[in-house]
A.B. asks: 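Below you'll find the structure I mean.
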Amino acid sequence: GGTVMTGGFTVLDVDLLPDRVVVLLDRPEARNAIDQAMVDELHRVCDMLERDPRILLLGGKGGVFAAGADIAQLRHRRREDALRGINSGLFDRIRRLPMPVIGLLDGHALGGGAELAYACDLRIGTPRLRMGNPEPGLGILAAAGATWRLGELVGEPLAKEILLAGRVLSGDEALAMRLVSELVEPEELLAAGGRWADRISRQSALAVRLTKAAFHAPREAHPYIDDLTQAVLFETEEKEERMTAFLEKRKK
């Protein structure tokens, strides 16, 4: 891929590495609440990753992932604002990024912050994680993916406890539900995310991309999409090389 500028971000800390990008939400004064500036900058990250696919590690600075949307801004929003789908559109774009997205969840991941976490492919948490959707307590609903993603992630019974009764999950509970893949101490979070990125990096990048695409394809597209993506992979040099290496290793 080409070189990408990572300067000019004001509410994100962006670190570009050869096979991955580490992005930390950086509005500590607002507990990383997702405001319009952050939405705009996350769209810029998506632009970058759609052009030059890499693994995305997504976390927050200051011991917090994201404490929801900015309530002060939210209070002024009206019908037209909801219909523009500010967060729902962004989170859907993050979900559809070519390479996997790993959420690094510490402290609060509430409201829009929880929905951003649900849009990731893998999530890692800390013991002090608190995750949930308090929106109905504020007279609104979790409209950026929770009503349909959360049920797929944790099943209907628990999703309804969270969405209808305001239940907030601890790190331990999130791990028990596999909503997070691992719990580590806060200072270990970035390193743990790096280990998952390393595991993904050892696979064929194209095979990972096409597996993610097939996974999220609608049911009606299967099995055709599986055959089609496999047909592409069967013709790659990398398949030839990896299988040859595997067979030669076995002969030893």
A.B. asks: If every non-hydrogen atom of Arg130 is compared with every non-hydrogen atom of Gly171, which pair is closest and at what distance?
C.D. replies: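 Taking Arg130 first and Gly171 second, the nearest heavy atoms are NH1-N, 3.9 Å.
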A.B. asks: Do Pro186 and Arg128 have side chains that approach each other closer than 4.5 Å (heavy atoms only, starting at C-beta)?
C.D. replies: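 Contact flag for Pro186/Arg128 side chains = yes.
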A.B. asks: Quick one: does Glu135's side chain get under 4.5 Å of Glu115's, heavy atoms only?
C.D. replies: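 Yes, their side chains come closer than 4.5 Å.
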A.B. asks: What's the shortest heavy-atom distance between Thr236 and Leu233, and which atoms?
C.D. replies: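 Shortest heavy-atom separation between Thr236 and Leu233 comes out as OG1-O, 2.7 Å.
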A.B. asks: Could you pull out every donor-acceptor pair under 3.5 Å between side chains of residues 151-164 and any protein atom, sequence neighbours left out?
C.D. replies:
residue: Glu156; atom: OE2; partner: Lys160; partner atom: NZ; Å: 2.7
residue: Glu161; atom: OE1; partner: Arg167; partner atom: NH1; Å: 2.5

A.B. asks: If only atom types and distance count, is the side chain of Asp26 paired as donor or acceptor with the main-chain N or O of Lys61 below 3.5 Å?
C.D. replies: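 Absent.
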A.B. asks: Under a single-linkage rule joining Ile, Leu, Val, Met, Phe, Trp and Tyr whose side-chain heavy atoms are separated by less than 4.5 Å, which residues share a cluster with Val22?
C.D. replies: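 Members alongside Val22: Leu17, Leu24, Ile55, Leu57, Met99, Ile102, Leu104, Leu122, Ile124, Val184, Leu189, Leu190, Trp196, Ile200, Val208.
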A.B. asks: Could you check whether any side-chain N or O of His108 sits under 3.5 Å from a backbone N or O of Gly113, counting only pairs where one atom can act as donor and the other as acceptor?
C.D. replies: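 No.
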A.B. asks: Any side-chain heavy atom of Leu49 within less than 4.5 Å of one from Val45?
C.D. replies: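 Yes - at least one pair of side-chain heavy atoms lies under 4.5 Å apart.
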A.B. asks: Would the distance check show the side chain of Arg20 and the main-chain N or O of Arg54 forming a donor-acceptor pair, the cut-off being under 3.5 Å?
C.D. replies: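 Looks like no, no N/O pair under 3.5 Å.
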A.B. asks: Is there a side-chain contact between Pro127 and Asp172 in this structure, where contact means two heavy atoms from C-beta onward sitting under 4.5 Å apart?
C.D. replies: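 Pro127 vs Asp172: side chains apart.
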A.B. asks: Going by heavy atoms in the side chains, are Asp121 and His216 under 4.5 Å from each other?
C.D. replies: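 Yes, side chains in contact.
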